[in-house]
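Step one of this worksheet: look at the structure below.
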Amino acid sequence: MTGRLSGLVERAFLAAAVAMLAAPALAQEAMIGAPQPWGMGLQASGGPIKDAISSFNSLVFWIIVAITIFVAILLAYVMWRFRAAANPNPSRTSHNTMLEIAWTVVPVLILVVIAIPSFRLIYYQDRTVEADITVNVQGRQWYWHYGYPEHGNFTFDSYPVQDSDLAAGQMRNLEVDNPLVIPVGANVRILTTGQDVIHSFFVPSLGVQRYSIPGRTLETWMRADRPGTFYGQCNQICGVNHWFMPIVVRAVPQAEFDAWAAEARTRFAQGLAPASLAAAPGAPAAATQMNVAEVRR
């Protein structure tokens, strides 16, 4: 009886251990990079750039907290120590050399502490020297145009899904008919330009933002370290239908990306949308139809 009970306990322990190990993998597959109701702070990170941004944000936040606490304590002390009852004859001292040096040097040192990682982050975000894939991104009034020059040079347009066409689980004003698809773990070079006015390619959970300016080509990069769906928007006010420019980036395993690219070369050349990718666990369902005439207005 004791041996049987021991075996049951051992099997329960192994099952719990397997569940604990499997949980991160399931969470990884189900990642959704999107705004959350009552969300606090930055969106969850889906790649190394957003990791660096979150780290820098935390550094600056705690510096601000420390400064706020120090100033609050200093004000409280001054109000208590130099109140009229305790200090009826105020000092007429107008200069203090050490104090003036301190309140000049200390802010400079704080700015240096902020500037060094800030500049490092700016250069890190700028471009990647080892790109695995290049994607051309063109902002147009009011939709996105994507191109894959290294995979047959196929191109396609990405329009928002109308409210009447939303499927169960899809997010209003954020879904598109044709998402930008990238392989997981690949350094993706992004080359942006604009067709008409200035737009902005912005995906918060991947830490990427770059203007798309007519007549200029700007470079940036991104990488998704886990499968998922990452949502963004044009955050440059580009006209009356500015909201018509949501961005959806789907990160999928390399084999799935290769299959999608092979099919997309044919179907987009025929003016057809590629077959929908299999939705990751927890990801919204794909739209079943698209009212393009309404979007083009």
Side-chain angles (χ1 to χ4, degrees), residues 25-39 43-44 46-47 135 137 139-148 154-184 188 199 201-206 208 222 224 226-235 240-253 255-297:
L26 292 175
Q28 184 179 33
E29 293 177 358
M31 178 171 183
I32 302 295
Q36 301 295 325
W38 299 96
Q43 287 187 22
V135 176
V137 176
R140 301 180 177 181
Q141 288 184 313
W142 285 274
Y143 60 97
W144 293 100
H145 180 78
Y146 301 127
Y148 289 73
F154 66 88
T155 63
F156 60 92
D157 297 332
S158 181
Y159 291 97
V161 176
Q162 299 296 291
D163 292 353
S164 59
D165 298 328
L166 287 173
Q170 288 191 311
M171 289 181 283
R172 178 176 174 270
N173 292 351
L174 287 178
E175 302 291 347
V176 300
D177 57 346
N178 295 314
L180 178 64
V181 182
I182 62 173
V184 172
V188 182
H199 303 279
F201 184 78
F202 176 49
V203 185
S205 52
L206 294 179
V208 59
M222 63 183 177
R226 52 194 300 188
T229 304
F230 308 94
Y231 293 86
Q233 270 276 6
C234 171
N235 64 352
V240 64
N241 284 339
H242 164 63
W243 78 270
F244 269 69
M245 300 188 67
I247 301 163
V248 178
V249 178
R250 287 287 309 278
V252 299
E256 189 173 346
F257 171 80
D258 292 339
W260 174 85
E263 182 189 25
R265 280 195 295 269
T266 301
R267 294 182 62 86
F268 279 128
Q270 298 172 351
L272 302 173
S276 299
L277 289 165
T288 56
Q289 57 180 336
M290 182 64 189
N291 189 346
V292 175
E294 176 66 20
V295 173
R296 289 182 182 273
R297 285 196 309 164

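- Arg250 contributes atom CZ, which lies 13.0 Å from atom CZ of Phe257 (distance to the nearest 0.5 angstrom).
- At least one side-chain heavy atom of Tyr148 sits under 4.5 Å from a side-chain heavy atom of Val181.
- Considering only residues two or more places apart in sequence or on other chains, Asp163 meets the side chain to side chain donor-acceptor pair (under 3.5 Å) condition with Arg172.
- Nearest heavy-atom pair across Phe230 and Ser205 is CD2-OG, 3.2 Å.
- Rounding to the nearest 0.5 Å gives a distance of 12.0 Å between CG of Asn235 and NE2 of His199.
- The two atoms that bring Arg265 and Phe154 nearest to each other are CG-CD2, 3.4 Å, heavy atoms only.
- Looking at Glu256, its side chain never comes within 3.5 Å of a backbone N or O of Pro253 through a donor-acceptor pair.
- Residues Gln233 and Leu174 are in side-chain contact: their nearest non-hydrogen atoms beyond the backbone lie under 4.5 Å apart.
- Residues Leu180 and Val135 share a closest heavy-atom pair of CD1-CG1, 3.5 Å.
- Of the candidates Phe202, Trp142, Trp144, Cys234 forms a side chain to side chain contact (heavy atoms under 4.5 Å, CB included) with just one, namely Trp144.
- Contact record, Ala44 with Met31: O-CE, 3.7 Å, taken as the closest heavy-atom pair.
- Proximity of Pro160 to Met245: side-chain heavy atoms (C-beta onward) are nowhere separated by under 4.5 Å.
- By the salt bridge (charged side-chain N to carboxylate O under 4.0 Å, His left out) test, Asp258 is found to be paired with no residue, residues two or more places apart in sequence or in another chain being considered.
- Counting all heavy atoms, side chain and backbone alike, Gly47 lies closest to Leu206 at N-CD2, 4.4 Å.
- Distance alone, capped at 3.5 Å, is enough to place a donor-acceptor pair between the Ser158 side chain and the Asn178 backbone.
- Every residue two or more places apart in sequence or in another chain that forms a side-chain contact (heavy atoms from CB on, under 4.5 Å) with Ala34 is listed here: Ile32, Met171, Tyr231.
- Of all heavy-atom pairs between Gly232 and Pro204, the closest is CA-CD, 4.0 Å.
- Under the 4.5 Å side-chain criterion, counting only non-hydrogen atoms from C-beta, Val208 is in contact with Phe201.
- Between Phe156 and Tyr146, the ring planes lie perpendicular to each other; the angle is over 60°, past the 30° to 60° tilted range.
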